[in-house]
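Heads up, the thing below is written out as structure tokens.
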Amino acid sequence: MAKTWISMYLPPDINPAQASIAYGSRALPKLNEELQSDDLRTRQKALMALCDLMHDPEHVYVAIDIGCLASLRTLLRDTNHVVRIKTTEVLSIMATHNVGRDGFLKHNIILALSHLLNDPQPACRQNLHLAFKHLSQVPSGAKGIVHSGLIPSLVRKLHREEESIQATLLDTLAACLQEDATEALSSRVVPFLKEKLLSPNDTIRCKAARTLIAVSIPLEGKKQIWRYDVIPLLVHLLQDQVEEVKANAAGALMYATVTTEGKYAALDAEAIQPLLGLLLSSLQKARLNAIKALTMLAEAPEGRRMLKANVHNFRALERDPSEAVQRAARVAIKVIEWKP
Amino acid sequence: MPGATMPGAASGTMSTTYTYTSRPRAPPCRLRYSMSQPPDEPLPFGNIMYDRRVVRGNTYALQRGHAIDEHAQKLQETKKRVAAKRRAQEQLRPHTPEPVEGRKHVDVQTELYLEEIADRIIEADMECQTDAFLDKPPTPLFIPAKTGQDVATQIEEGELFDFDLEVKPMLEVLVGKTIEQALLEVMEEEELADLRATQHEYEELRNVELAEVQRLEEQERRHREEKERRKQQQWEVMQKHQETAQKIAARAFSQRYLSDLLPSVFGSLKDGGYFFDPVERDIELGFLPWLMNEVDKTIEHSMVGRTVLDMLIREVVERRLATYERKEDKHPFLSPEEVPGIPGPLRDPTMGYGFQEQRPLPSADVPYDKLMEEEEEEEDPIGLRRSLGRGEQLQDRESWEG
């Protein structure tokens, strides 16, 4: 049984690493003040508390309203690495919410974050790239990243970072390049992606192929893909173990074969057979991309000749459960059987 | 070294009582050579037996030796100075003048009650004695004064709390908060994963549609280009056709045009006289002009002759006329037949040869005839009736002619 004496000491801190969160609406203003304090421990404890609070979108909104982002921005340049790691973590959590993303764009956090690209702490960089990735999921965020001119530095980072960070980076790049790929294309993203396609890591290959899809949408991207001989590599990837990689490779091929040179390069690399194999894949994305790629190839006379024998596959696909696949199969049949 | 209150030291203000306490400590030794105290190093202990400052010998006959420390020295010096000053001032102070010769100054008491001044001090003996030692009574119990209020508590039955019961809600809150946070995070992750999945699906569809659009665009472009190329080719073919047709037409036309070039050339040259028979030419150029010249000359000769003849005849006729006129003046009778006859033959030869020089003469004759007739008519209205008849009129005419 506990003793009856009322202890002279304060009750023990349940979590000494976290600042105590004030009640109700005073929580965030108080944390904001603690963030700006001069004492290191206060700042660290306030950051830990903020991390927990930021999972709730209401709190994110209130935090941005009272101007937490300005104090967080100052803390990004702090000399203590724990502070920086925690700040980037808070920012990445805030970026998962739409309010947070809007706040980022308004308060120009992207630029402040970009100073940390060369941070010595890997955890810090990881969080930073997570924040960018979440930011780029939304078109305005992706536009913001593109406008701030970060794409060339991100592309260069692709080379030097560790694998886990590379995966996040590739995701960010894929989303940003769907917005505007011109800057990336001028900073040699295609050779880098080509290397990544050969990486032993599955996720990296998968994401690299997805980024290549985004790259090959504009015409300049298609030209570069053909020039750097990525098409044979993509055809080789069509026989990869992982379904996702195959699907993404088919997608990249689908875009790259829109140009005539791409078509003939793919035909030279004998892309038709693997693509036909992909038509029976379990992943809907793979089937769709394969049908589209074969449609592109059927525009060329040689491709049409080869595919005429395989029209029955497409007819089978017309009865596929997904509507998009049915439509694509019908278009493919139309193209194959077209007479000039 | 600090000791009791110094005579010269300032003892502070009158309001606070001055107290001084110090812990007992061993006196530091003073080296003979260093007069000042070294502040940094710990002061080494000195042997009290050999300390100069400890007074030795009789204490009842205190001899003030030479003061070692400078404070006393300074005090002594100041005292000396003060004394010297006082002495100096004494000398300067005006004293009572010296007694006059034969007199002596004597001190006299001037107070009301006189006092006997004697050298001997009045002494009285006093003595004092302490009591014999008594037992110290026991110290009274020190009970401090009571302050504050008296409070009493009493824990009744059942007021003490049961930890297990009490801790439950607190634990619930703690655990609840943690789990809530965790749930929130997990839900967030799930939501994000869900969003990502829908995003991926949408992205696939979008990619497919975009690829379709691009393919159609490409197809359109190719068809258009093909069409353009074919049109271009067709146009070129047509151009060539046209050109060839024009060439052929031009060729045919020029052939036809030039077909009778040769004969026409020859014809025109021949017409131009470029082809000539030299003998004929020679005859034409040489012989015939000469022949014509000669013919001309011959004709001219005859003409000249005739002209000369004409002139001669004229001269003769004129002379004759003149002669006849002279004669008429004398004889105004003349045959009218001869007179018109003369201009008649005069006229005929002139008309016959077509000489231009003769023409003005007949033309001059004609107006003269007319003039004559006019004059005749003029004369008639004037009223000059000549009864000469025609013959006379003829005469007049003749006279004018002559």
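Below, chain A is the first sequence line, B the second, and so on; all start at residue 1.
At a 4.5 Å heavy-atom cutoff, the contact between E188(B) and chain A is made by side-chain atoms alone. Residue Q214(B) touches chain A through both its backbone and its side chain, counting heavy-atom pairs closer than 4.5 Å. Contact annotation for T260(A): both backbone and side-chain heavy atoms come within less than 4.5 Å of a heavy atom of chain B. For E203(B), the part lying under 4.5 angstrom from a heavy atom of chain A is the side chain only. For a residue to count as touching a neighbouring chain, one of its non-hydrogen atoms must lie under 4.5 Å from one of that chain's; by this rule I213(A) touches chain B with the side chain only. L210(B) touches chain A through backbone and side chain together, each having a heavy atom under 4.5 Å away. Contacts of E191(B) with chain A are absent, with no heavy-atom separation under 4.5 Å from either backbone or side chain. Both the backbone and the side chain of K285(A) come within contact range of chain B, each with at least one heavy atom under 4.5 Å from a heavy atom of that chain.
No close placement of the W235(B) and H241(B) rings is indicated, their centers lying 6.0 Å or farther apart.
For the set Q137(A), M254(A), E299(A), R327(A), the count of heavy-atom pairs under 4.5 angstrom toward chain B peaks at E299(A). Considering only heavy-atom pairs separated by less than 4.5 Å from chain B, the leading option among I217(A), N289(A), I291(A) is I217(A). Taking chain A as the reference chain and counting heavy-atom pairs below 4.5 Å, the highest number among R206(B), E217(B), R221(B), E166(B) is found for R206(B).
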Problem set entry | Audit row: I93(A), H55(A), side chain to side chain contact (heavy atoms under 4.5 Å, CB included) steps and yes/no | CA-CA 7 Å; I93(A) 297 176; H55(A) 284 278; 3.6 Å; yes
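Proximity of K207(A) to N248(A): side-chain heavy atoms (C-beta onward) are nowhere separated by under 4.5 Å. Here the side chains of F104(A) and L91(A) are in contact, with some heavy-atom distance below 4.5 Å. Looking only at side-chain heavy atoms (C-beta outward), L279(A) and L294(A) come within less than 4.5 Å of each other. A 4.5 Å side-chain heavy-atom check between Q178(A) and N207(B) finds at least one atom pair inside the cut-off.
Partners of D194(B) according to the salt bridge (Lys or Arg N to Asp or Glu O under 4.0 Å) rule, which considers only residues two or more places apart in sequence or in another chain, do not exist here.
Using a 4.0 Å cut-off between charged nitrogen and carboxylate oxygen, K168(B) and E172(B) do not count as a salt-bridge pair.
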